[in-house]
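Just below is one structure, and these are the notes that go with it.
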There are 2 protein chains.
Amino acid sequence: MELRRADIIADALEELVFTGGFHDGDRLDELRLARQFDVSRTPIREALQRLVASGIAEQIPRRGVFVRQPGPVELMEMFETMAEIEGVCGRLAALRISEAALEELDRANASCCAAVEGGDADAYYRENERFHHVIYHQAGNGFLEHEALRLHRRLKPFRRLQLRLRGRMSQSMAEHKAIVEALRAGDPDRAAEALRGHVAIQGEKFHLLMSSLRSAAE
Amino acid sequence: MELRRADIIADALEELVFTGGFHDGDRLDELRLARQFDVSRTPIREALQRLVASGIAEQIPRRGVFVRQPGPVELMEMFETMAEIEGVCGRLAALRISEAALEELDRANASCCAAVEGGDADAYYRENERFHHVIYHQAGNGFLEHEALRLHRRLKPFRRLQLRLRGRMSQSMAEHKAIVEALRAGDPDRAAEALRGHVAIQGEKFHLLMSSLRSAAE
DNA sequence: AATTTCTATCTTGCGCACAAATCAAGCTAA
DNA sequence: TTAGCTTGATTTGTGCGCAAGATAGAAATT
């Protein structure tokens, strides 16, 4: 399916950046990568352009492309945006969700519960992801779903960290239950609020701190 | 700043697609474009990759890249998403907007009013854009602002069409006033609701315009 | 000693050529 | 006649080389 080396290389590079193979500000040297992947510079250049387009790297004309990891501020902004988009998905999903999807949410939640009790972090993570993806889909808006998935994917490497920050898995489970309840009741505002709060409460505090620091500096 | 021909060509091609120079499904022939822009295929290929990354075109390996205009369904989905994102921006902006920004919104609105009375559609369009951009910025979230601008820009060629509808401009003005009021009051829910409605109406008007055009063609 | 200028080297941007894959006819066979 | 095969012509993907621009280090001037 993927016949172009450029795409394979782009995926490999993306993975490398996410798993810490490169650090913020590192220059992605075309020649070095070309030798490393045993291809010419051409497919490397195309792969780099893909990284730039997805925001993982930054290009400075005539200077090269550099890895661009989000700093604390941008990370909080991204999480806040994710929370808001999830809220939107919840709002729309409350009006459009199917009975089958509600049951799948229940199943995902049950699996989550089991994972929490069994201490299986990987399973928890996987089922949690399924839960959210179902909601994106049930918003009934393919474009919005695509955007939500894109941001979700972009935040993937940081989500585990975020889960550790908020710590209490069981509270997260209770929030999941409240979300499903609101969706089942078909209450858009409550669903949006529940989903937003599910991710964003401490992000909000962090952001207020950050923006107050920034405005104080001006 | 833009020393690379690929970027200039990408902008030109984007503009061409937006202004109707290409139609849905058209193949973007590398050789033809290379001759047309009087460059080699290399910068053309890089420009095409940018179009693909921004969703304006689609690439099929070994076959080429094709213009991909959104159909009626996707267009409605994009307008709905834009409405929701603007709602989010409004909600956050209600909590964070500065006094200076509120005054700028008033100024933009006044310019809009003048443009409506003077029948200057271009000026109206420009000031309307400024109005919305200020709100994106006042959401106080750079990442969200960037995403909002991206979608706003993508919808630009379609938003322009619906302005031609009779009476739309003055109705839009009243909505702007209500939005500023909610922002000034610092009421997040009211601001979100006002902005969501304001943009959602654009989508509906657009839908109306589309179907009227289609029925007129038959 | 510090700053500026100059030069040598490296890197990117672009043009060009070749190979593999795809498409379009024409041809053969059932 | 139509389905399938073959062959020639495009077209994309990739390798490679050159020139303009950028970087770093040496040399020179104050």
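Each chain gets a letter, A, B and so on, in the order its sequence line appears, and its residues count up from 1.
Of the candidates dT12(C), dT14(D), dT11(D), the closest approach to any side-chain atom of Arg45(A) belongs to dT12(C). Listed nucleotides dT11(D), dG13(D), dT11(C) differ in distance to Leu31(B); the shortest reach to its side chain belongs to dT11(D).
At a threshold of 4.0 angstrom between heavy atoms, the contacts of Arg41(A) include nucleobase atoms, whether or not backbone atoms are also involved. Using a 4.0 Å heavy-atom distance criterion, Arg32(B) is classed as making no nucleic acid contact. Here Glu30(B) lies in heavy-atom contact (under 4.0 Å) with sugar-phosphate atoms only.
Remark: Arg107(B) does not engage Glu127(B) in a salt bridge, criterion side-chain N to carboxylate O under 4.0 Å. Arg68(B) and Glu74(B) are joined by a salt bridge, as a carboxylate oxygen and a charged side-chain nitrogen come within less than 4.0 angstrom of each other. Of the charged side-chain nitrogens involved, none lies within less than 4.0 Å of a carboxylate oxygen, so that Arg153(A) and Glu147(A) do not count as a salt-bridged pair.
Relative orientation of the His176(B) and His132(B) rings is perpendicular, given thresholds of 30° and 60° on the angle between their planes.
Close to dT14(D), at under 4.0 Å from its OP1 or OP2, lies no side-chain N or O of Thr42(A).
To the nearest angstrom, P of dA19(D) lies 14 Å from CZ of Arg62(A). The CZ-P distance, from Phe66(B) to dT11(D), rounds to 11 Å in whole Å. The CD-P distance, from Gln59(A) to dG13(C), rounds to 5 Å in whole Å. One can place CD1 of Ile8(A) at 13 Å from P of dG13(D), the figure rounded to the nearest angstrom. Rounded to whole Å, atom C1' of dC16(C) lies 15 Å from atom CZ of Arg35(B). To the nearest angstrom, P of dT12(D) lies 12 Å from CD of Glu46(A). In this structure, Leu33(B) places its CG atom 18 Å from P of dT10(D), rounding to the nearest Å. Between the CD1 atom of Ile44(A) and the P atom of dT11(C) there is a distance of 14 Å, rounded to whole Å.
Side chains of Tyr136(B) and His146(B): a donor-acceptor N/O pair is absent below 3.5 angstrom, by distance only.
Along DNA chain D, the nucleotide nearest Leu28(B) and the nucleotide nearest Arg63(A) are compared for position; the residue whose nucleotide lies closer to the 5' end is Leu28(B). Between Asp29(A) and Ala6(B), the one whose closest nucleotide on DNA chain C sits nearer the 5' end is Asp29(A). Residue-to-nucleotide proximity on DNA chain D shows that, of Gly64(B) and Pro43(A), the 5′-proximal contact is made by Gly64(B).
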